[in-house]
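Atoms within a ligand are numbered from 1 in the order they appear, just like the ligands themselves.
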Amino acid sequence: MTPPHPAPSLGRVALLGVGLIGSSLARVLRREGMASSIVANARTQATRDKVMELGLADAVFADPAEAADGADVIVLCTPLGAYVDLVTAIAPRLKPGAIVTDVGSVKHAVVRELAPLIPAGVHLVPAHPVAGTEHSGPEAGFADLFQGRWCILTPEQGTDAAATAKIAAMWKRAGSLVEIMDARHHDLVLAVTSHLPHLIAFNIVGVAADLELVTESEVIKYSAGGFRDFTRIAASDPVMWRDIFLANREAVLEMLGRFNEDLARLQRAIRWGDGETLRDLFTRTRRIRREIVDAGQANSGKP
Ligand code: NAP
């Protein structure tokens, strides 16, 4: 067995937002002893109470600036649309040498908006753990969420190498495979592998719900025919996904253009009885599924 990656000493870690991802990271930080203390910021009293009840943090604050005060590592774990307000609020309290990182699903727009708000001497190391489930909130998290999954870091050129290495070490210790990538490239890749599939799922479930000739009970009764798998994806958090599409507009629109062209090709093949085109595509797609299974990326990892 390969020895575990060494646990970095992160000092005081502030988690801003404690939902599925933030609470999973809190559990990992605790399990691996990476933080000297964990403080959290949560917007609602219900989440603050839950954070303390589950022992996810040593202290929880309603004010993000209080949570960030004196922290060595600050992790943004909210939907993307909350980032600018959060960083504007915490910026005056960030200490020199602190690292601001995040877990957001879009990177270029985030880096572009956050970089000017970060005070000199504070390091910004954007990150995206490519792991998740359709569930939300602090109770949905679990420490093995990141095990065997990729985590992509997108530091701008010139970012302090030691800060990047520290965040990389944190994710490696969480069980992730870490890759450094250009932020724009990240957004294109994720548009294909995550954002477009979600958009298709949201749309298909919406179409089925709107079809008047199919009753709702039939949709539920016969969902095992393929629809069910789409409904799982389409049950993901509405605010988080709204923010992802708004933040990754360019890349998603580009991929959607490609998707529509290929769909039109399939439409033509069905219309003209061109079985060869259909079988060729389905053979290729089946191979991709096998490759994902072989790479150990086929299940959500949820116990
Ligand atoms: P989540 O379970 O819905 O939790 C979101 C947290 O952010 C909650 O603590 C919530 O507080 C807080 N929050 C929401 N809106 C806020 C606002 N306007 N201001 C301040 N706090 C706010 O979400 P999640 O799934 O952990 O996702 C968090 C981030 O991780 C997102 O940026 C997402 O892109 C990224 N991500 C998600 C996945 C996934 O599969 N879910 C995977 C990878 C990355 P309350 O509970 O108090 O409302």
Salt bridge (charged side-chain N to carboxylate O under 4.0 Å, His left out) contacts in which one or both residues fall within residues 91-119, not counting sequence neighbours: D69-R93, D72-K95, D102-K107
Pairwise salt bridge (charged side-chain N to carboxylate O under 4.0 Å, His left out) hits with a residue in residues 79-92, at least two apart: none
Residues forming a side chain to side chain contact (heavy atoms under 4.5 Å, CB included) with E250, sequence neighbours excluded: R184
Parallel, tilted or perpendicular: rings of W241 and H198 (30°, 60°): parallel
What are the polar N/O contacts of ligand 1 with the protein below 3.5 Å, with distances?
from, atom 1, to, atom 2, distance (Å)
ligand 1, 2 (O), L20, N, 2.8
ligand 1, 2 (O), G137, N, 2.8
ligand 1, 9 (O), V18, N, 2.9
ligand 1, 15 (N), R43, NH1, 3.4
ligand 1, 26 (O), L20, N, 3.1
ligand 1, 26 (O), I21, N, 2.8
ligand 1, 32 (O), T78, O, 2.7
ligand 1, 34 (O), S105, N, 3.2
ligand 1, 34 (O), S105, OG, 2.7
ligand 1, 36 (N), S105, OG, 3.4
ligand 1, 46 (O), T47, OG1, 2.5
ligand 1, 47 (O), T44, N, 2.9
ligand 1, 47 (O), T44, OG1, 2.7
ligand 1, 47 (O), T47, OG1, 3.2
ligand 1, 48 (O), R43, NE, 3.3
ligand 1, 48 (O), R43, NH2, 2.7

D182, D187, T154 screened by side-chain contact (heavy atoms from CB on, under 4.5 Å) with H108, the one that passes: D187
Side-chain ion pair, E218 and K221, N-O less than 4.0 Å: no
